[in-house]
Number of protein chains: 2
Amino acid sequence: MRISTRGEYGVRAMFDLAIHYGKGPIPLRVIAERQVVSEHYLEQLMRSLRQAGLVVSRRGAQGGYELADHPENIRIGDIIRVLEGPITPLDCLESTTGTGGPYCEQPELCVLRGLWRSLQESMEQVLDNTTLEDLRRDAAAMKVAESYAGNLS
Amino acid sequence: MRISTRGEYGVRAMFDLAIHYGKGPIPLRVIAERQVVSEHYLEQLMRSLRQAGLVVSRRGAQGGYELADHPENIRIGDIIRVLEGPITPLDCLESTTGTGGPYCEQPELCVLRGLWRSLQESMEQVLDNTTLEDLRRDAAAMKVAESYAGNLS
DNA sequence: TTCAATTCCGACGTAGTTACTCGGGATTCC
DNA sequence: GGAATCCCGAGTAACTACGTCGGAATTGAA
């Protein structure tokens, strides 16, 4: 029931970009330093996020990454899905082929399906109802100045 | 964000025992056949569940496993915790030592902590408010006779 | 009393995943 | 032209998930 470091670091990086939204591109090196994660590793994650259209990049000197959209339009669930795949406790909920044991092919007969579906919905509810803007506002409410906020995990 | 087969098979097995609660011990072999999981593997899971006090066992001929308590007193969360460990998206929520990045040692300064905590609470809310009795009742409501219910995933 | 059924236990194996690292090419600004 | 930066594919070491295996201990029944 854990998210991996991909999701964790990815959200940290996106939060960092949200805090500094509107100030032009931020180099990977800076994000990695502020969030205390491996630069090379984070680069891989940013690659995924860029391909998914959540961030845009600029190459060369003065280049870097920035959010592709306003923080209020980026949900945490979007980030997690890109980096971790579908938000689901069990793969069989996503496919119709049924890998969740006997009778999983006939969802109407699978009692446990309802349980896992509820779990899935409750997770998605939290992650899709929180945007980067919410987090940015939380940071501000904590009276943590922007200059420090970049260091928050 | 997935549960592993330990949790999945474990819940399936406990559900099976709930359906057949009050009829004496059920041999591992029977559970494994009904749920279509490896007998040897399931044995390991039952070992954990027994040590945690969720099931009781009887050895020898006519032996097997049964729930240690009435199905309404066994929550899905109890089962998952035994087989998967704490229900949490991030280990740092469980410890006070702080492994969630900079400032995680000072939770009041960690903006993301609130997000992960919400996610954790929503997962626990579902898993701790569903008991084996709820699932048993679901099965009955589905008009699936007990004799078939044992086959449900 | 013997025998078959069953749980109990510890160890082993192995395929896949995770969490990175690395080297170099392409692009952009000054 | 050169420094800064992103872009890309490959490699790798450790860990985890998902089992397997062989046999000892216990129990009920014939």
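Computed from a prediction, not measured in an experiment: that's the story for all the values here. Heavy-atom basis, side chains included; hydrogens, waters and symmetry copies ignored. Proteins come first, then strands; the chains are lettered A, B, ... in the order of their sequence lines, and each starts at number 1.
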Lys/Arg-Asp/Glu bridge criterion (N-O < 4.0 Å) met for B:Arg81, B:Asp128: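 Salt bridge: yes.
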
Charged N-O contact under 4.0 Å between B:Arg137 and B:Glu72: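 So B:Arg137 does not pair with B:Glu72 through a salt bridge.
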
Atom-pair distance ([atom1] on [X]; [atom2] on [N]), nearest Å:
X	N	atom1	atom2	result
B:Tyr41	C:dT14	OH	P	18 Å
B:Ile31	C:dT7	CD1	P	8 Å
B:Gln51	C:dT7	CD	C1'	13 Å
A:Met46	D:dG9	CE	C1'	19 Å
A:Leu17	D:dC6	CG	P	11 Å
B:Leu42	C:dT7	CG	C1'	13 Å
A:Leu45	D:dC6	CG	C1'	15 Å
B:Leu28	D:dT20	CG	P	12 Å

At less than 4.0 Å, is any side-chain N or O atom of [X] found next to OP1 or OP2 of [N]? Yes or no.
X	N	result
B:Thr5	D:dA17	no
B:Tyr9	D:dA17	no
A:Ser4	C:dT18	no
B:Tyr65	C:dC8	yes
A:Arg50	D:dC7	yes
B:Ser57	C:dC8	yes

Earlier contact from the 5' end, DNA chain D, for A:His40 and A:Gly63: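 Going by which nucleotide is closer to the 5' end, it is A:Gly63.
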
5′-ward residue of the pair A:Arg59/B:Gln62 relative to DNA chain C: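 Nearer the 5' end of the strand: B:Gln62.
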
Comparing A:Ser38 and A:Ala61 on DNA chain C - which has the more 5′ nearest nucleotide: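 On the 5' side of the pair lies A:Ser38.
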
Pair of N/O donor and acceptor under 3.5 Å linking D:dC6 base with A:Glu43 side chain: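 Looking at the base of D:dC6, it does not pair with any donor or acceptor on the side chain of A:Glu43 (distance under 3.5 Å).
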
Distance-only donor-acceptor test (3.5 Å): side chain A:Gln44, base C:dT21: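 Donor-acceptor pair under 3.5 Å: yes.
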
Heavy-atom closest pair, residues A:Glu8 and A:Ile3: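 Heavy atoms only, the tightest pair is N-CD1, 3.7 Å.
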
Selected nucleotide, minimal atom distance to A:Arg58 side chain, candidates D:dG28, C:dT21, C:dC29: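 Selected nucleotide (nearest to the side chain): C:dC29.
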
Touch class at under 4.0 angstrom, heavy-atom based, for A:Arg29 against every strand present: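 It contacts sugar-phosphate atoms only.
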
Touch class at under 4.0 angstrom, heavy-atom based, for B:Arg47 against every strand present: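 Base, at least one base heavy atom under 4.0 Å.
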
B:Leu17, B:Ile26, B:Val30, B:Leu49 screened by side-chain contact (heavy atoms from CB on, under 4.5 Å) with B:Tyr65, the one that passes: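 Exactly one pass, corresponding to B:Leu17.
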
Option among A:Ile80, A:Asp78, A:Ile74 that satisfies the side-chain contact (heavy atoms from CB on, under 4.5 Å) test with A:Ile76: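 Single pass found, and it is A:Ile80.
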
Donor on one side chain, acceptor on other, B:Arg117 and B:Gln120, under 3.5 Å: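 Note: B:Arg117 and B:Gln120 side chains meet the donor-acceptor criterion.
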
